Amino acid sequence: MDTQDNSSEKNTKPLDFIRQMITEDLASGKHAVPVTRFPPEPNGFLHIGHAKSICLNFGIANEFGGRCHLRFDDTNPSKEESAYVDSIKKDVKWLGFDWGENLFYASDYFDKLYEYALELIKKEKAYICCLNADKMRQYRGTLTEPGRESPHRNRTIEENLRIFQEMKDGVHAEGSHVLRAKIDMASPNLNMRDPILYRIMNVNHHRTGDKWCIYPMYDYTHCLSDSTEEITHSLCTLEFEDHRPLYDWVLDTLETPAHPQQIEFARLNLSYTVMSKRKLMQLVNENHVTGWDDPRMLTISGLRRRGYTPDSIRNFCAEIGVGKRDSWIDMGVLENSVRNDLNTKAPRVMGVLDPLKVVITNYPEDKVEGVEAKTTPKTRIWGPARFPFPEKSILNAVTFWKMHLENSSAWTSVARCG
RNA sequence: UGGGGCGUAGCCAAGCGGUUAAGGCACCGGGUUUUGAUCCCGGCAUUCGGAGGUUCGAUCCCUCCCGCCCCAGCCA
């Protein structure tokens, strides 16, 4: 007969498109295990949107027996602080994830990145440009018009090497020179119009101090950091889709240990709230909230203070799924996840708001009965809470009047003796 | 307007050429309950942005159209 039990299949959550790709890469032998990374910039606190990425990256590593690195993307010292590094580590741990030995910083690779830049110059794939920001914008063209080549595009290798060295030595002023990749000023993808690789910044870095006065840009740093760590799948949000050709260009042009695959997914949007770091930062700086961990903010630390559990956040992330559509999740879904989780974990107690003392005249004096109550919904745990029912009792005043008005027969004597 | 993406219910989201188009949130009933909670039962897309085409058969393949998002930082 039809005794086939497919209930277990029904309960299996279908794999999202990223996990499907990874499953295929493992099956084909492309990779033995997946290696992912969560790459926050230490310029603010983590929020619920980051939780989605954390759960994705660490979740994949856990599920497929791989590993996930925690790597701080600290290439812009003017915005970054070690205090943020600490808060980020704390939040990732609190969410229940462990990077083990795999804690890295893009700044760990500054020396190596510099060597790679030299390689690019020697291959005539990068050059020093002296156009100022304004001029560079003009040369870049627009969405519909191609850009024009920089007048410095064809310097000799020697000259490029010399000036790059001078930039590193602090000879030049901020904004006076940059190192650019030599790609294609006519590309319809603006990211490929000779993007900047290095800029001069006379700023102290939270880890390297004053060792450097030139800092690498995100596009150049991220792919090489991924490659260096031999990441297999580099997961990022949709807005970086246009950057993938550059990610691939750098790794294809240079001799690198690995060529990770960048895969983009939609960032989390929640209705009725703000999530961008810029806006959260503004709320903090302008004192509209008490700090990054204000319970009204959807930062991880705010949610923690609010009473959210790590499980509730992880369940939420699993629930919403991973896709490529820009979507707005109802706040109710997040709230539902805590409710569900707390219903199985948090014992309940009874309190009376707006108390009203009543004397029950048709009830034996000195007698105290009690009824046991289920303290944890969704479980069969009863007690230890007992609701006492003595002669002198306390009722919620509103309930009392409601009963009185409704002339509820069960309580008329109470009402009369009130 | 050039390029890159995305369109399945109010909000998410499965679906991968033949399914009664999963599931969750929300919502609407009904039941249990000394918690307006929890729990249980039921309802909620004749249709997949639109129009053509291929096919015995299309949410799924092709073409065109429409809509939405992202890109012109020396941010990430």
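Chain A is the first sequence line, chain B the second, and so forth, proteins listed ahead of strands; every chain is numbered from 1. Computed from a predicted model, the values in this text were never measured in an experiment. No hydrogens, no waters, no symmetry mates; every other heavy atom, side chains included, goes into these values.
When distances are taken from the side chain of A:Thr142 to each of B:C12, B:A72, B:G73, the shortest belongs to B:A72. Nearest to the side-chain atoms of A:Glu239 among the listed nucleotides B:C70, B:C11, B:U8 stands B:C70. Closest to the side chain of A:Leu143, out of B:C12, B:C75, B:A72, is B:A72. When distances are taken from the side chain of A:Lys324 to each of B:A22, B:C12, B:G5, the shortest belongs to B:G5. Minimum atom distance to the side chain of A:Leu190 is reached by B:G2, of the listed B:C25, B:G2, B:A76. Candidate nucleotides B:G3, B:A72, B:G24 were compared by shortest atom distance to the side chain of A:Glu319, and B:G24 ranks first. Relative to the side chain of A:Asn189, the nucleotides B:G3, B:A22, B:C75 differ in distance, and B:G3 lies closest.
Remark: the separation of the P atoms in B:G10 and B:G49 is 13 Å, to the nearest Å. B:A72 and B:U47 have their P atoms separated by 42 Å, with the value rounded to a whole Å. On the P atoms, B:C25 is 13 Å away from B:C41, given to the nearest whole Å. Taking atom C1' in both B:C70 and B:C60, the straight-line distance is 27 Å, to the nearest Å. A gap of 29 Å separates the C1' atoms of B:C71 and B:C62, to the nearest Å. Annotation: B:C11 and B:G17 have their C1' atoms spaced 30 Å apart (nearest Å). Separation of the P atoms belonging to B:U1 and B:C66 is 9 Å when rounded to the nearest angstrom. B:U33 and B:C39: their C1' atoms are spaced 9 Å apart (whole Å).
Under the 6.0 Å cut-off for aromatic ring centres, A:Phe38 and A:Phe72 do not qualify, their centroids lying 6.0 Å or more apart.
Pair assignment for B:C64: B:G50, on the basis of Watson-Crick or G-U wobble contacts that are both within less than 3.5 Å. Searching all strands for a Watson-Crick or G-U wobble partner of B:C11 with both distances below 3.5 Å returns B:G24. Pairing partner, B:G2: B:C71, with both Watson-Crick or wobble hydrogen-bond distances short of 3.5 Å. Applying the Watson-Crick and G-U wobble criteria (two distances, each under 3.5 Å), B:U38 pairs with nothing in any strand. Nucleotide B:G57 is matched to nothing when pairs are restricted to Watson-Crick or G-U wobble geometry with both distances under 3.5 angstrom.
Following rounding to the nearest Å, A:Glu145 (CD) and B:A72 (P) show an atom-to-atom distance of 16 Å. For the pair A:Arg267 CZ and B:A76 C1', the interatomic distance rounds to 10 Å; values are reported in whole Å. For the pair A:Asn191 CG and B:C71 P, the interatomic distance rounds to 10 Å; values are reported in whole Å. Look at CG on A:Asp194: it is 12 Å from P on B:C74, rounded to the nearest Å. What separates CD of A:Glu241 from P of B:C68 is a distance of 19 Å, to the nearest Å. Rounded to whole Å, the distance from NE2 on A:His243 to P on B:G3 is 18 Å. Here B:A72 presents its P atom at 14 Å from CG of A:Leu246, a figure rounded to the nearest Å. A:Arg19 has its CZ atom 11 Å from the P atom of B:A14, to the nearest Å.
A:Ile320 comes within 4.0 angstrom of the backbone, heavy atoms only, and of no base. Residue A:Asn132 is in base contact, counting any heavy-atom pair closer than 4.0 Å across all strands shown. Nucleic acid contact for A:Tyr215: none, since no nucleic acid atom lies under 4.0 Å from a heavy atom of the residue. Across all strands shown, A:Gly332 has heavy atoms under 4.0 Å from sugar-phosphate atoms exclusively, and none from any base. Residue-level contact check: A:Ser327 touches the backbone only, with heavy atoms under 4.0 Å from sugar-phosphate atoms and none from bases. Heavy atoms of A:Leu342 sit nowhere under 4.0 angstrom from any nucleic acid atom. Backbone-only contact: A:Thr75 has heavy atoms under 4.0 Å from sugar-phosphate atoms and none from a base. A:His222 comes within 4.0 angstrom of no nucleic acid atom, judged by non-hydrogen atoms across all strands. Here A:Asn336 lies in heavy-atom contact (under 4.0 Å) with sugar-phosphate atoms only.
Residue A:Arg140 places at least one side-chain N or O closer than 4.0 Å to OP1 or OP2 of B:C74. Taking only side-chain nitrogens and oxygens, A:Arg137 never comes nearer than 4.0 Å to OP1 or OP2 of B:A72. The side chain of A:Gln20 places an N or O atom within less than 4.0 Å of a non-bridging phosphate oxygen (OP1 or OP2) of B:G15. Note on A:Arg325: every side-chain N or O is 4.0 Å or more away from OP1 and OP2 of B:C69. Note on A:Arg199: a side-chain N or O is less than 4.0 Å away from OP1 or OP2 of B:C75. Residue A:Arg339 places no side-chain N or O under 4.0 Å from the OP1 or OP2 atom of B:C39.
The CG atom of A:Leu270 sits 10.5 Å away from the NE2 atom of A:His47 when rounded to the nearest 0.5 Å.
The pair A:Arg267-A:Glu239 meets the salt-bridge criterion, since a charged nitrogen lies less than 4.0 angstrom from a carboxylate oxygen. A salt bridge does not link A:Lys79 with A:Glu41: every distance from a Lys NZ or Arg NE/NH1/NH2 to an Asp or Glu carboxylate oxygen is 4.0 Å or more. Taking a cutoff of 4.0 Å between a charged side-chain nitrogen and a carboxylate oxygen, A:Lys211 and A:Asp111 qualify as a salt bridge. Ion pair A:Arg304/A:Asp293 not flagged as a salt bridge, since none of the NZ, NE, NH1 or NH2 atoms sits closer than 4.0 Å to an Asp/Glu carboxylate oxygen.
Taking the nucleotide of RNA chain B with the nearest heavy atom to each of A:Ile329 and A:Pro188, the more 5' of the two is matched to A:Pro188. In terms of position on RNA chain B, the residue among A:Thr144 and A:Glu41 whose nearest nucleotide sits closer to the 5' end is A:Thr144.
For the ring pair (Phe, Tyr, Trp, His ring centres under 6.0 Å) with A:Tyr198, the qualifying choice from A:Phe164, A:Phe110, A:Tyr127 is A:Phe164, the only one to do so.
A cation-pi contact, defined as under 6.0 Å to the ring centre and within 45° of the axis, is absent between A:Lys324 and A:Phe265. A cation-pi arrangement, defined by a distance under 6.0 Å to the six-membered ring centre and an angle within 45 degrees of its axis, is present between A:Arg207 and A:Tyr105.
In textbook terms, a nucleotide whose glycosidic angle is within 90° of 0 is syn, while B:G4, being further out, is anti.
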